[in-house]
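Values below: every heavy atom of this structure, side chains too, minus hydrogens, waters and symmetry copies.
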Amino acid sequence: MVWRDGHGLFTDLHGQRFACYPFQRRKRLLPTIFSKIIDREIPADIVYEDDVCIAFRDVNPQAPVHILLIPKREIVSLNDLKADDAGVMGHLMVKVPEIASKAGISEEGYRIVVNTGENAGQSVFHIHIHILGGRKMEWPPG
């Protein structure tokens, strides 16, 4: 029997704590929907791809343009970033305006969102940037 503490840490019967993050499950138990897109196991409307990242249209868009940009390296969330992830995350941020321009939303403006954790609305535990545009964004967001 194991108990989850809500932060990706588990405690066994002997009181030992251990981590079991979703990126470990990809190779052992359950892949995420994003890993399946990266591996081409399920289709996606891909708008950009290089050796570091992939961007595709969200299947449940919250704006006329809603693109998800994800690294191919599996990183669970912002809380799981390490120093050696800086290059990957910098690459993603540099690609955001390029993808926004290609989608036709850079002139009027767009919003990027990175949800971190369940309470913030993160539902896929593979870090991703939402690129939203094509309409006026309200503030504060929900």
*Asp80 to Asp85 - nearest heavy-atom pair and separation*: O-OD2, 4.0 Å
*Linking I/L/V/M/F/W/Y whenever their side-chain heavy atoms sit closer than 4.5 Å, directly or via other members, would Leu92 and Leu132 fall into one cluster?*
no
*Do you know which two heavy atoms are closest between Gly133 and Ala63, and how far apart they sit?*
O-CB, 3.5 Å
*Atom pair CG/OG1 of Asp39 and Thr32 - distance to nearest 0.5 Å*: 9.0 Å
*Are any of the side-chain heavy atoms of Leu68 and Ile129 separated by less than 4.5 Å?*
no
*Run the side-chain hydrogen bond (donor to acceptor under 3.5 Å, both in side chains) check on Tyr48 and Lys102 step by step: do they pass?*
CA-CA 9 Å; Tyr48 178 82; Lys102 186 177 175 183; over 6 Å; no
*Supply the atom-to-atom distance Ile127 CD1 to Gln122 CD, rounded to the nearest 0.5 angstrom.*
7.5 Å
_Can you confirm whether Asp45 is buried at CG, in the sense that more than 12 heavy atoms of other residues, nucleotides or ligands lie under 6.0 Å from that atom?_
yes
*Less than 4.5 Å apart, any side-chain heavy atom of Arg73 and any of Cys53?*
no
*If you take all heavy atoms of His126 and Pro71, which pair is closest and at what distance?*
NE2-O, 2.8 Å
*Flag if over 12 foreign heavy atoms under 6.0 Å of CD1, Ile42*: yes
*Side-chain contact test, heavy atoms from C-beta onward, threshold under 4.5 Å: evaluate it for Arg111 versus Pro141 and give yes or no.*
yes
_Residue pair Asn115 / His128, side-chain donor-acceptor N/O under 3.5 Å_ = no
*Could you walk me through whether Val52 and Val88 pass side chain to side chain contact (heavy atoms under 4.5 Å, CB included), step by step?*
CA-CA 7 Å; Val52 176; Val88 170; 4.2 Å; yes
_OG on Ser106 to CD on Glu98, rounded to 0.5 Å_ = 11.0 Å
*Looking only at heavy atoms, which two atoms of Ala100 and Tyr110 are closest? And how far apart?*
CB-CE2, 3.5 Å
*With a 6.0 Å cut-off on ring centres, are Phe56 and Phe34 close enough?*
yes
*asked:* Starting from Val124, can I reach Ile46 by hopping between I/L/V/M/F/W/Y residues whose side chains sit under 4.5 Å apart?
replied: yes
*Connected via hydrophobic side-chain network under 4.5 Å: Met137 and Ile105*: no
*asked:* Any carboxylate oxygen within less than 4.0 angstrom of a Lys/Arg side-chain nitrogen, looking at Glu49 and Lys72?
replied: yes
*Does some side-chain heavy atom of His66 sit less than 4.5 Å from a side-chain heavy atom of His130?*
yes
*May I ask whether Val113 and Met89 are part of the same hydrophobic cluster, defined by side-chain heavy atoms of I, L, V, M, F, W, Y residues being less than 4.5 angstrom apart, directly or through others?*
no
*Please report the closest heavy-atom contact between Ile99 and Ala55, naming both atoms and the distance.*
CD1-CB, 3.7 Å
*Go through the steps to decide whether Lys95 and Asp50 satisfy the test side chain to side chain contact (heavy atoms under 4.5 Å, CB included), and finish with yes or no.*
CA-CA 10 Å; Lys95 291 301 171 183; Asp50 62 26; 3.7 Å; yes
_Let me check something: do Leu81 and Val96 share a hydrophobic cluster, defined by ILVMFWY side-chain heavy atoms less than 4.5 Å apart, either directly or through other members?_
yes
